[in-house]
J.: 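Got a structure for you, written out below as structure tokens; questions coming shortly.
So you know, we letter chains A, B, ... as the sequences are listed, proteins then strands, and number each from 1.
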There are 2 protein chains.
Amino acid sequence: MELLEDKKCLAGSVINTLKGKFALEILSAILDGHLHYGYLIRNIDGINPRILATRLRAFEEEGILSRKVLPLIPPQVEYRLTDKGMALYPIIEAMRDWHLEYN
Amino acid sequence: MELLEDKKCLAGSVINTLKGKFALEILSAILDGHLHYGYLIRNIDGINPRILATRLRAFEEEGILSRKVLPLIPPQVEYRLTDKGMALYPIIEAMRDWHLEYN
DNA sequence: CGGGATCCTGCCTGATACTG
DNA sequence: CAGTATCAGGCAGGATCCCG
């Protein structure tokens with residue numbers, strides 16, 4: 001059962017990262033070059049500030065993305081994917097392909 | 001935002017399949033050739049009958065695995081992955097690789 | 001503008017007992 | 001053996017409101 005334990009825990013960390021509500025929407029938007037909180041809160045349908053903040057903070061703590069406050073008036077915050085975050089892209093693509101082939 | 005909508009919903013179906021508690025453990029065990037309910041309930045640490053049944057039923061409804069009752073005494077039930085279920089394997093591997101590289 | 005603090009709700013889950 | 005039924009608990013998420 002070693003292989004089982006192995007695969008489960010390790011793959012589970014990706015699932016934990018992506019299973020939260022709007023997690024994929026947020027990451028996809030940022031992947032598409034929409035880096036600002038304002039864009040995300042206005043364009044992700046049904047999201048609310050608490051959830052957006054929760055996801056962004058979790059992503060930041062996991063090293064998936066970085067947060068940068070721009071010294072502008074009005075204030076603006078920019079989120080960029082790290083290499084670790086970028087590396088999620090092929091996984092998301094693979095999941096999308098699986099859905100397209102089998103659903 | 002079309003690409004965003006696209007990626008989100010479609011990849012989301014995989015996340016929904018895998019995010020349930022013990023989902024990865026169950027699929028990994030079956031991938032490793034452990035097809036029987038009895039094995040799963042005895043070897044997956046911390047699982048209980050209700051959760052195992054819930055996951056197995058969900059997987060079956062999604063076409064991830066098939067259920068076969070063996071006419072034995074004592075009764076025995078065998079779960080096998082369908083092609084659709086097998087196709088999850090590379091995705092789980094990719095998630096595992098991501099974890100190994102970045103965590 | 002970009003959040004944090006609160007309160008409330010529902011679903012997921014845990015634990016057991018029971019059955020064909 | 002392979003589940004189902006039932007009940008209780010906890011945590012994720014929805015809805016506001018407020019603040020630097």
J.: Rounded to whole Å, how long is the line connecting atom CG of B:L35 with atom P of D:dC1?
T.: 17 Å

J.: How long is the straight-line distance from CD1 of A:I41 back to CG of A:L52, given to the nearest 0.5 Å?
T.: 5.0 Å

J.: Nearest-Å distance, CZ (A:R57) to P (C:dG2)?
T.: 16 Å

J.: The criterion is side-chain hydrogen bond (donor to acceptor under 3.5 Å, both in side chains); which residues satisfy it with A:E78, sequence neighbours excluded?
T.: A:R80

J.: Give a yes/no on whether any side-chain N or O of A:Y39 is located under 4.0 angstrom from OP1 or OP2 of C:dG2.
T.: no

J.: Supply the atom-to-atom distance A:I44 CD1 to A:H34 NE2, rounded to the nearest 0.5 angstrom.
T.: 10.5 Å

J.: Salt-bridge test for A:R57 and A:E60: reply yes if a basic N is under 4.0 Å from a carboxylate O, no otherwise.
T.: no

J.: For the residue pair A:K84 / B:N103, report whether a side-chain donor-acceptor contact shorter than 3.5 Å exists.
T.: yes

J.: So, do A:F59 and A:I26 sit near enough that their side-chain heavy atoms are less than 4.5 Å apart?
T.: yes

J.: Is any side-chain nitrogen or oxygen of A:R67 closer than 4.0 Å to OP1 or OP2 of C:dG2?
T.: no

J.: Other than B:L72, which residues form its hydrophobic cluster under the rule that side-chain heavy atoms must be closer than 4.5 Å?
T.: B:L70

J.: What's the CD1-P distance between B:I44 and D:dG3, to the nearest Å?
T.: 13 Å

J.: Between B:N16 (CG) and D:dG13 (P), how many Å, whole number?
T.: 11 Å

J.: Polar atoms only, N or O, under 3.5 Å: list the protein pairs with nucleotides 11-15 of chain C and their distances.
T.:
unit_1	atom_1	unit_2	atom_2	d
C:dT13	OP1	B:K21	N	3.0
C:dT13	OP1	B:R55	NH2	3.3
C:dT13	OP2	B:R55	NH2	2.3
C:dT13	N1	B:R50	NH2	3.4
C:dG14	OP1	B:K21	NZ	2.6
C:dG14	N7	B:R50	NH2	2.8
C:dG14	O6	B:R50	NE	3.4
C:dA15	N7	B:N48	ND2	3.1
C:dA15	N6	B:R50	NE	3.2

J.: For a 4.5 angstrom cut-off between non-hydrogen side-chain atoms, does A:M95 reach A:L18?
T.: yes

J.: I want to check something: taking the side chain as every heavy atom from C-beta on, are B:I64 and B:L27 in contact at a cut-off of under 4.5 Å?
T.: yes

J.: Given atom CG of A:L70 and atom C1' of C:dG2, what is their separation to the nearest angstrom?
T.: 12 Å

J.: Can you check the A:I73 CD1 to C:dC1 P distance for me, whole Å?
T.: 13 Å

J.: Extract from the structure each pairing of a protein N or O with an N or O of nucleotides 17-20 of chain D at less than 3.5 Å, listing the distance.
T.:
none

J.: Using whole Å, report how far CD1 of A:I26 lies from P of D:dG13.
T.: 10 Å

J.: Can you tell if the side chain of B:S13 reaches within under 4.5 Å of the side chain of A:W98, non-hydrogen atoms only?
T.: yes

J.: Please list, chain by chain and in numerical order, all residues satisfying side-chain hydrogen bond (donor to acceptor under 3.5 Å, both in side chains) with B:N48, sequence neighbours excluded.
T.: none

J.: Let me test you: for the helix from C:dC1-D:dG20 to C:dG20-D:dC1, what is the angle between the axes at its two ends (five pairs each), rounded to 10 degrees?
T.: 50°

J.: Within this structure, what is the CD1-to-C1' distance between A:I47 and D:dT16, rounded to whole angstrom?
T.: 16 Å

